[in-house]
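We name chains A, B, ... by the order of the sequence lines, and we start the count at 1 in each one.
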Amino acid sequence: MLLHGAYRGFAGGARDVTLDAATIGEALEGLVRAHPSLAERLRDEHGKLRPHLALFINQDDARLLGWEDAPLHDGDIVHVIPAVSGG
Amino acid sequence: MAKKVTLLVGTKKGLYILRGDAGRGSWACEGPEFAPAEIHHAAYDPRDGSMFAAVNQTWGGSRIEVSRDMGKTWKTTKNPAFPEGGDRTFSKTWHIEPGHSKTPNVVWAGTEPAALFKSEDRGETWSIVKSLDDQPSRAKWVPGFGGMGLHSIAIDATDPKKMQVGISVGGVYRTEDGGVTWVQDNKVNGAPSERPDVFYCIHKLLAHPEESGLRFMRVHEEVYWRDPGETTWQFSTKGLPTNFGFAAAMHPRDRSTAYVIPLDGMKRTASPFGIGVYRTTDKGKTWDRLDRGLPEGAPMESVREGMHNDRLDPMGLYFGTANGDVWASKNEGESWSRVAQYLPYVTSVHAATIE
């Protein structure tokens, strides 16, 4: 998983984490195990992923692939990106 | 060791720290910390030297940060959390209030959605005050223009079990048993009654730091005084150029003196009369304009957390503006000088008096 922008700061400056995961949801669990400080930055108190969080699998938006259920394959890079909205 | 003042200046793009010299004449500006997050409020805890910052951010959600080394490094605290099963989630922190000296580990936070959170471990973790959250009248709380938040936490000078909270828009609630039970505390004396509902839009409620029971309150369209032993809010607005505003401060020793920055109720700036601090020395019966050194006629704006005082003698008074200025007076408001400019929109100023 490759952290971008603010999420790198939330993880104490970490750039990336390599882990085994079958889905985006599992990957996020592994990411939080590696960097517990990300737990509340990724999800609210009810476990819902926060808005303005973009997850891409290589070049594809995970929202279009099943979001937390989106499958992962060997060598995939999951990008954790602070999403920008508005104009 | 001589006391010094450090200003914690929250802005829409991070926290700035202005460290004053012993004479309060020179200020070293550091920051921004946490940019681009908005810092709705920051506070210094004189009991142990901690600093707290309400970091309200879209990316990663809002959070409360604490510094144990005077702002050199910061640590993220465990987020305030709303109860499971509801549809509310912690959105923002509006105010952080260090607890009473008799409860050294207690820190309070007011949030949006409007709720009171208590920390019993110096701000490391936070728990919702369920007794206030369970008030049936909560169903009548509604958002104001800036949202629906609990922003005022007024702790009594001598008894930590006695405190009031102010909510926009939900009025004042009072506890006298440390938060076990609460009552609505919105009885008014002497105010015009055309819009009693507007009274519930509390803008700032302050407890005097030395006199038990003494309160000062800035409401959407009025200003109120309450002396010890009284149970109603005494209308004290006559003599101000407008009845609208946010920023308010109480003199830390004088029992009859308070300060406000009036704004135009429609324009939300200090026009056409220009920016000025207004002082009462007789519990709101009369008000004097203090503007020596301030730019004449400037339509500046200072918001809810925008003004604060230090604890020195003579008292220093400070306010920040929407155009990124911080103004300081080291003679209780008699004259002013600009101590910072070109900052982002200033959302809060907190004066830390440091030994």
Q: For B:W27, check ring pair (Phe, Tyr, Trp, His ring centres under 6.0 Å) against everything at least two apart and list the hits.
A: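 Applying ring pair (Phe, Tyr, Trp, His ring centres under 6.0 Å) to B:W27 gives B:Y318.
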
Q: Test of understanding: with ring pair (Phe, Tyr, Trp, His ring centres under 6.0 Å), list the residues that count as partners of B:F246, not counting sequence neighbours.
A: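 B:F246 satisfies ring pair (Phe, Tyr, Trp, His ring centres under 6.0 Å) with B:H203, B:F244 only.
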
Q: When rounded to the nearest 0.5 angstrom, what distance separates CG in A:L28 from CG in A:L53?
A: 7.5 Å

Q: I'd like to know if the side chain of B:S50 and the backbone of B:D45 have a donor-acceptor N/O pair within less than 3.5 Å.
A: no

Q: How about the chain B/chain A donor-acceptor pairs under 3.5 Å, what are they, with distances?
A:
{"residue": "B:W59", "atom": "NE1", "partner": "A:A83", "partner atom": "O", "Å": "2.7"}
{"residue": "B:G60", "atom": "O", "partner": "A:R41", "partner atom": "NE", "Å": "2.7"}
{"residue": "B:G60", "atom": "O", "partner": "A:R41", "partner atom": "NH2", "Å": "3.4"}
{"residue": "B:G60", "atom": "O", "partner": "A:R50", "partner atom": "NE", "Å": "3.2"}
{"residue": "B:S62", "atom": "O", "partner": "A:R41", "partner atom": "NH2", "Å": "3.3"}
{"residue": "B:K78", "atom": "NZ", "partner": "A:E40", "partner atom": "OE2", "Å": "3.2"}
{"residue": "B:N79", "atom": "N", "partner": "A:E40", "partner atom": "OE1", "Å": "2.8"}
{"residue": "B:N79", "atom": "N", "partner": "A:E40", "partner atom": "OE2", "Å": "3.4"}
{"residue": "B:N79", "atom": "OD1", "partner": "A:R41", "partner atom": "NH2", "Å": "3.4"}
{"residue": "B:F82", "atom": "N", "partner": "A:E45", "partner atom": "OE2", "Å": "2.8"}
{"residue": "B:R88", "atom": "O", "partner": "A:H46", "partner atom": "NE2", "Å": "2.8"}
{"residue": "B:F90", "atom": "N", "partner": "A:E45", "partner atom": "OE1", "Å": "3.4"}
{"residue": "B:F90", "atom": "N", "partner": "A:E45", "partner atom": "OE2", "Å": "2.8"}

Q: Tell me, out of B:G86, B:P36, B:G85, B:A81, who's got the most heavy-atom pairs with chain A below 4.5 Å.
A: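 Between B:G86, B:P36, B:G85, B:A81, the count favours B:A81.
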
Q: Can you say whether A:A83 sits under 4.5 Å from chain B via the side chain, the backbone, both, or neither, judging by heavy atoms?
A: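 Backbone of A:A83 only, per the 4.5 Å heavy-atom cut-off to chain B.
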
Q: For B:P83, which atoms come within 4.5 Å of any heavy atom of chain A: side chain, backbone, both, or neither?
A: backbone

Q: Ignoring hydrogens and angles, state whether a donor on the side chain of B:Y173 or B:S137 is under 3.5 Å from an acceptor on the partner side chain.
A: yes

Q: Holding to ring pair (Phe, Tyr, Trp, His ring centres under 6.0 Å), I want the full list of residues that pass it with B:Y16, two or more places apart in sequence or in another chain.
A: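 Counting only residues at least two positions away or on another chain, B:Y16 forms no ring pair (Phe, Tyr, Trp, His ring centres under 6.0 Å).
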
Q: Taking atom types as modelled and ignoring hydrogens, do the side chains of B:H95 and B:S152 form a donor-acceptor contact shorter than 3.5 angstrom?
A: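 No donor-acceptor contact under 3.5 Å links the two side chains.
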
